[in-house]
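A short write-up of the structure that comes next.
Chain A is the first sequence line, chain B the second, and so forth, proteins listed ahead of strands; every chain is numbered from 1. This structure is a prediction, so every number in the text was calculated from the model and none was measured.
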Amino acid sequence: MNIHLKNGSTIVFCIFALLGLPGCWDYQKIDMRSSMIGMAVDPAPDDPKQIKVTFQFPEMSQGGGEDGPMAGAEASSTKSYTNLHAVGDSLADIARKMQLQMDRNIDMSDIRCIVFSDQLSQVQLKGITEDLMRDTKVDKLGFLAVSHGTARDVLDADVPSGAPSDALGKKFSINSSQRGYSLSQRLWEFWRDSTRPGVAPLIPVVASKTADADTEGQASGTGVLETGGAEVYQNYKPMLRLSKDETFALNLLDGNVKNMGIQIPLGEGVLTLVEAHDSSHLRCDLSGPKPVMEAHIHVQAVLGRRPSGGPESISPAKLSQLQKEAAAYMQLEMTQTFRKLQEAGTDVFGFSRMYLQGHPEKEQFVKANWNEVFKQAIPRITVDLHISSKGSLI
Amino acid sequence: MYKLSMIQVISVFCTSFLPLLFWLYPRYAVQSAGIDGQWAVVGVVLLGLYVAWIHGLLNLRFPNISGADVPSKVYGRFLGKIITSMYMPGYVLFLSISVYSFSITLKSFLPLTPRLATVIGIVLVSALGAIYGLESIARVASIFFPVTLFVIFITYGFSLINSNLMGIYLHPVSITKTMYGSAQLLPVLFGINMFLLLSPYYDHLRRNSVWLPLIGMGISGSTLILVYLGTAQFVGFQGILVLTHPTEFVMQLVRVPGILIERFGVVLVILVTLFQGVFISNHLWGISLTISKVFDIEKKQKWLVLPVATAVVGIFIFIPNQQVGDIIVQRILVPLSWLYLIIEPTFKLLLSYVRRVGTAQPEKYATRREEESSYQRRARQSTSRVSSRRTKSPR
C-alpha cells in the first residue's frame, strides 16, 4: 500500500475513534443531570411490602427555584436542597416514579448518606440494600445511618451547614478517623457483613433534633443532627440498640478509638483522659469445654484532669493507682456491653471470622451455630491503660 | 525479521492470557472450591508454571519455526495440519467470550452505550494492531503491561496492607475440592499457546525460551493470587459468590488516598480497555497467522485478520447473557483448555523427544555451562595466540 495512503487512512481512523471519547451514547450535559446526595428509606404507610423513599438533591441556584432539578416542586428559596418522595416496591420502581417529578436525569453516583428507618421490616431492608448494591450507577461508598421512627425527618432537618445528607457524610467521614460514641458504616460494608456467617453488622444511629426542640422553627439553621449509638442487625433484622456509652465501649473493644476524650468517674470525682488512642487484640478459643473470647485492649492517653482536681504534678505511685482504677472501670464497661451483645447472640466483633481463619473446615458449624457459641462464650477482657503524663500542669 | 526484546516477549506473553476470566475468576474459584477458593487459585498458578515450562521446552526444541508449524514436524504434515486447525474454533470462541466479558465490564460504566458498539470499537482498533503486526503489538504491550500491573499491585497491595488478613485461610479443607477448583480455573490460562508463535521472533540465548515464560507466569500468577486475596479480604468469599465481576467491584471500592485520582472508575475503564485491546490484538494476529500457515497463504496473513475479527464479533452477538457465557466457559472452554494447554503440548513434546525431531542446531541447545566452556576454549585459544606472539616478539 502506498505509504501516504496508509498514513492518511490511519489519521482518518484515529479522528473517527475520537468520536468515542465523550462516552458514546452515555454523554449527558452537566445541566441535564441532578446529583442525588442523600436518601431516606421508610416503610410505606399503606402497604407493608412497599417502601417510601426520599431523595435529596442539592439546589444549585440559591433563591431562584426556577433552575431546580424538578418542575414545580416544593423548592424553597431559603433551603439549599430539595427533597422528593416516592413510594414503590423496588429502587428501580421508585427511581422511575421520581423521574416523573423531575426535568433532569437522576444521578446516583455521589450519594453521601443513606438513612434507614428502624421500622423497616427484614424483607424491606434486605430488598433495598440489595437493590442499591446491584445498581451499578449507585455509589457503594455512601455512609449508612439509622433513625428511630421516620428516616425522612433526618433529611428534612434544617441544619446550618446546608443539606443534611452532606452534613452527615462529613460527620461520618470525620468519624472514620475519630471514633467514639458513634461509628461509620458504608453501604458495601453493611452488605458485606450481612453475607458473612456469624457476623452482625452495625449501623450508627442519627437523630434530628429540630422536631423536639422547636416545632415552629422555620428559620434557617436551627436544627441539629445528632449521631451517637448504634443499631445491631442480623440478617437485616434489627436486634439491639446500643447507647452512646455502649457504643464507646464497643469501639474500645474493637480498637477503633482515636484522639478521644474519656470521662471516668472514680470515687467522688471524675478522671478526664484526653487524646486517648486504643488498639485491641481479639482472640477466640473453642478448644476448652466452654468457648472463650479474649480481648486485650491497650489504651494510651494523656491525663486531663484528676479526680481531686488541681494543676500540680502527681507521684508515679499515684499515677499507677489511677491507671489501675481507670482500667478496671473500662473493663467493667466493656464486659457489660459484651454481655448485652451476648444475650442477643450478635457477634459484632467478627470472632467467627477469627475462628474460621484457623478452622476453615468448620464453615457449616459456624453458619449454623455461631450465635449459640457466642452466647455461651466466656469473655476475658483485659485492659492495659498507659497515661503518658504525670499531672495536669497548665 | 523483527526480533523482540526480552521485556517485549514477557509483555506479549503476559497480555495473551488472563483477560478471559480476570474479572470473574474469584467467583469461579469460590463456586467450584468454596472456602478453598484461594488454594484453587494457588493450584492453577502451579499448573500455569507447568504449562509455561512445557511451552518453553517446545520453543527450546523448535526455535526457528513458528508454533503453527511444529505439529507438522512432530506428527507429520497431514496430521499436523489437522491438529493445528483443531486450535482454531476453540480460540475464536475463547476470544468471543473474552470480548463478551469486556463488554459487560464496560456496560456498568457506559449503561446507555450498546455493547455491540463497544465491542466493534475495540475489535476495530485491535484488528488494526494485528494488521500492523507483532512489532506494533509488542511495543504497545511493553508499555501497557507494566502500567496495568503497577495499578493492580498498588490497588490490591494497598487493600491487603490495610486489612486484618482474616479472609485468608491457613490451610485447605479438602484437597480434592481444591484440585477440582484448579481444574475448573484452567481457562484463565487460555492463550499461553501464543508463546509458541513467538518462537522465531526473539533471540534464543541461554535457555531463555524456558525462563522467559516462567518469569511471565510468575508475574501473572502473583497477580492472580494477589487479586484473589484482595477480593476475598474485601468482600469475603461469601460475597464473591453473588458478584458477577468481583475483581471490578473491588477495584471500584478501593480509593488510594493521597493519589490524585479519587474516582477509580475512570482509571478502571482505561485500564480494562488497554489490557483488552492488546490482548485481542495478540490473538487476532495469532489466529490469522495460524490459519495462514495451515492453508499455506502466509502472504495474505494480515488480511485474514478481518474475517477472524468478524467471526469473533459474530459469535459474540449470539451470547445472550452472562449465564450462557458461564456455561460456555464451564462446559466447553474448561475441557478445551486442558486439551490445548496441557494434553496436546505435553504429548507433542514427548513425541518430539521419542521421534528425535527438533529444529535446533546442536550449539543452540548449549546450556550455560557448555557456553562457558566454549567461551573458555576461545579464551584459551586467544591466550595461546598471545603467548605465541610473545614468544615471537624477542625476534
Which atoms of B:L124 are under 4.5 Å from chain A, going by heavy atoms: the side chain, the backbone, both sets, or neither?
both
Report which part of B:V242 has an atom under 4.5 Å of a heavy atom belonging to chain A: side chain, backbone, both, or neither.
side chain
When the ring planes of B:F316 and B:Y100 are compared, do they come out parallel, tilted or perpendicular, using 30° and 60° as the limits?
tilted
For the pair A:F374 and A:F338, name the ring-plane relationship: parallel under 30°, tilted 30 to 60°, perpendicular over 60°.
tilted
With chain A, the option among B:P114, B:P172, B:G34 that has the most non-hydrogen atom pairs under 4.5 Å is B:P114
May I ask you to name which of B:L241, B:L112, B:V173, B:V125 has the most heavy-atom pairs under 4.5 Å with chain A?
B:L112
Classify the side-chain pair A:Y233/A:D193 by whether it contains a donor and acceptor separated by less than 3.5 Å.
no
Looking at A:H359, A:E363, A:M354, which one has more heavy-atom pairs under 4.5 Å with chain B than the rest?
A:E363
Salt bridge (Lys or Arg N to Asp or Glu O under 4.0 Å) evaluation trace for A:D139 with A:R112
CA-CA 8 Å; A:D139 186 2; A:R112 306 284 164 82; over 6 Å; no
Is the distance between the ring centroids of B:Y132 and B:W285 under 6.0 Å?
no
Report which part of A:K362 has an atom under 4.5 Å of a heavy atom belonging to chain B: side chain, backbone, both, or neither.
neither
